[in-house]
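What you see is a predicted model; the values in this text were computed from it and never measured. When a ligand or atom number is given, it counts from 1 through the structure's own listing order.
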Amino acid sequence: MQTALADFISSSSAGREADAILRSCVHCGFCLPACPTYQLLGDELDSPRGRIYLMKQLLEGEPVSGRTQLHLDRCLTCRACESACPSGVRYGRLLDIGRALAEQRVPRPVGSRAQRLLLRKIVPYTRRVRALLGVATAVRPLLPHSLRTHLPKPAARSPALRRLNRPPVWPAPRHARRVVPLEGCVQPALAPEINPATAQVLDHIGLTTLRVADSGCCGALAHHLSAHEESLAQARRNVDALWPHVEAGAEAVVVAASACAAMVCDYGRLLRDEPRYAQRAARISALARDISQLLADHAGVLRARLAAASAAARQSAPLRVAFHAPCTLQHALRVSGVVEPLLAAAGFTLTEVTDGGQCCGSAGTYSLLQPELSTRLLHAKVIALEAGAPQLIATANIGCLAHLRSATALPVHHWIELIAARLTRD
Ligand code: SF4
Ligand code: SF4
């Protein structure tokens with residue numbers, strides 16, 4: 001693609017990066033069928049190629065309006081287009097640059113600004129989310145249906161999983177080999193059992209999972225709302241919190257939410273120009289692993305533990321599980337085909353999911369900012385997941401988990417809870 005970036009951006013590092021990405025797109029359109037918003041709306045401007053064209057105009061200094069912003073806002077950042085693109089176009093990075101520029105050039109209405117600010121000031125803080133959930137749960141019957149569906153169901157732990165085991169507790173440290181977790185923000189509030197379950201599984205394969213009080217939100221939420229300075233501040237805080245443990249010999253930074261894992265993997269790039277952080281951030285990114293990636297590195301020992309633990313389970317009918325692979329797992333981290341064999345090795349029966357590559361519509365704050373498109377994607381996803389008559393749905397990211405819970409009567413859990421339940425069965 002020919003480009004002529006405007007003077008105000010052409011010599012900046014973001015401008016040079018955007019220019020290289022734009023030039024790598026050959027307009028072939030192979031990405032279009034992979035794009036959920038193009039499938040729903042059938043408008044080229046709601047496709048990756050159309051959005052690339054809009055961002056090119058933006059970067060070349062042509063007049064922009066709320067229309068450009070609308071089409072960029074409608075993008076889920078699912079990055080399915082990147083997986084489909086034969087030319088390796090880094091669409092997600094271009095979108096970061098394009099959205100930040102649109103934010104500067106197109107003023108948002110007051111209501112939209114207030115909504116985005118509120119999300120940034122509440123969601124990344126576990127205590128604020130817990131407090132808000134407490135109030136919302138108390139007045140649940142009074143809430144409009146659209147808000148009610150976003151609240152976690154009262155019984156967070158399903159009978160299907162209770163049948164397997166009691167809620168996980170964080171194991172006491174007992175191994176010389178250690179990993180350090182990013183505990184996150186929304187996940188400990190909405191599903192506090194996920195991090196202890198992760199620590200339990202790692203304990204079974206010989207790794208102690210340390211506790212880090214000062215780490216928190218990975219920064220992805222602010223990043224995707226184009227509040228880049230806020231996001232960087234969160235990344236720096238996590239680097240400061242994790243670094244002493246890395247320096248003391250932790251061999252991995254483990255993250256149980258695939259969206260957060262993808263963000264931590266990017267710290268090295270995001271902080272590369274900051275002398276105080278560049279080196280430490282690069283090391284932390286190099287050590288960052290989604291729990292599926294870390295377990296793939298230890299698949300042999302985990303399979304041996306599961307084989308022993310699953311012998312008793314095989315005497316009862318296996319639980320049928322539908323696995324939803326989050327976009328961040330398959331398109332950002334490029335992890336596929338790792339979780340399903342581990343669930344099978346743990347004695348679960350995987351049901352077929354026909355649209356495995358499709359986004360569920362959660363996409364960070366997308367379900368709140370673009371509720372109509374998000375709901376259409378959610379319903380299509382739930383139909384696909386339920387088609388194989390599963391007894392339980394498993395996924396790998398807290399956003400998808402909460403979103404799916406809002407639309408199905410089936411229990412929805414993080415897949416690591418299933419593995420933990422199998423390993424620690426009484
Ligand atoms: S990130 Fe997802 S929604 Fe956005 S253009 Fe790519 S495929 Fe479409
Ligand atoms: S992003 Fe990739 S697949 Fe899509 S039009 Fe450009 S080169 Fe083709």
Q: Look at the N, O or S atoms of C81, main chain and side chain alike, and state whether any lies under 2.8 Å from atom 4 (Fe) of ligand 1.
A: no
Please state which part of [X] comes within less than 4.0 Å of ligand 1, counting heavy atoms only: side chain, backbone, both or neither.
{"X": "R51", "answer": "side chain"}
{"X": "L95", "answer": "neither"}
{"X": "Y38", "answer": "neither"}

Look at [atom] and say which protein heavy atom is nearest, naming residue and atom and giving the distance to 0.1 Å.
{"atom": "atom 3 (S) of ligand 1", "answer": "L76 N, 3.4 Å"}
{"atom": "atom 8 (Fe) of ligand 1", "answer": "C35 SG, 2.4 Å"}
{"atom": "atom 1 (S) of ligand 1", "answer": "R79 N, 3.1 Å"}

Q. Given S24, P33, A34, G29, which one has a non-hydrogen atom that is nearest to atom 5 (S) of ligand 2?
A. G29
(Q) Using the salt bridge (Lys or Arg N to Asp or Glu O under 4.0 Å) criterion, which residues pair with R211? Sequence neighbours excluded. (A)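 Salt bridge (Lys or Arg N to Asp or Glu O under 4.0 Å) list for R211, sorted by chain: E183.
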I need the atoms of ligand 2 closer than 4.0 Å to a non-hydrogen atom of [X], numbered in the order shown.
{"X": "C85", "value": "1 (S), 2 (Fe), 3 (S), 7 (S)"}
{"X": "S87", "value": "7 (S)"}
{"X": "P86", "value": "3 (S)"}
{"X": "V89", "value": "1 (S), 2 (Fe), 7 (S)"}
{"X": "C28", "value": "3 (S), 5 (S), 7 (S), 8 (Fe)"}

Q) Mind checking whether P48 has a heavy atom under 4.0 Å from ligand 2? A)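 Outside the 4.0 Å threshold, so no.
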(Q) Any heavy atom of G88 closer to ligand 2 than 4.0 angstrom? (A)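 No, G88 has no heavy atom closer than 4.0 Å to ligand 2.
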Heavy-atom side-chain proximity of [X] to [Y] below 4.5 angstrom:
{"X": "D73", "Y": "L369", "answer": "no"}
{"X": "L401", "Y": "L190", "answer": "no"}
{"X": "V64", "Y": "Q57", "answer": "no"}
{"X": "S83", "Y": "R334", "answer": "yes"}

**Q.** Salt-bridge criterion met for D19 and R16 (N-O under 4.0 Å)
**A.**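 Looking at R16 together with D19, the answer is no, because their closest N to O distance does not fall below 4.0 Å.
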Q) Within the distance-only criterion (no hydrogens, no angle test), does the side chain of D46 pair as donor or acceptor with the backbone N or O of C75 below 3.5 angstrom? A) no
Q.
Residue-level breakdown please: for I52 versus ligand 2, do any non-hydrogen atoms fall below 4.0 Å on the side chain, on the backbone, on both, or on neither?
A. side chain
(Q) Under 2.8 Å from atom 2 (Fe) of ligand 1, can any N, O or S atom of C78 be found? (A) yes
Q. Once you round to the nearest 0.5 Å, how far does CG of L202 lie from CZ of R177?
A. 10.5 Å
Q | L385 to A322 - nearest heavy-atom pair and separation | A | O-CB, 3.5 Å
Q. Between R99 and T77, is any side-chain donor less than 3.5 angstrom from a side-chain acceptor?
A.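 Result is yes, a qualifying pair exists.
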Q: Examine C31 and say whether one of its N/O/S atoms is closer to atom 4 (Fe) of ligand 2 than 2.8 Å.
A: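 Looking at C31, which is the residue asked about, there is an N, O or S atom under 2.8 Å from atom 4 (Fe) of ligand 2.
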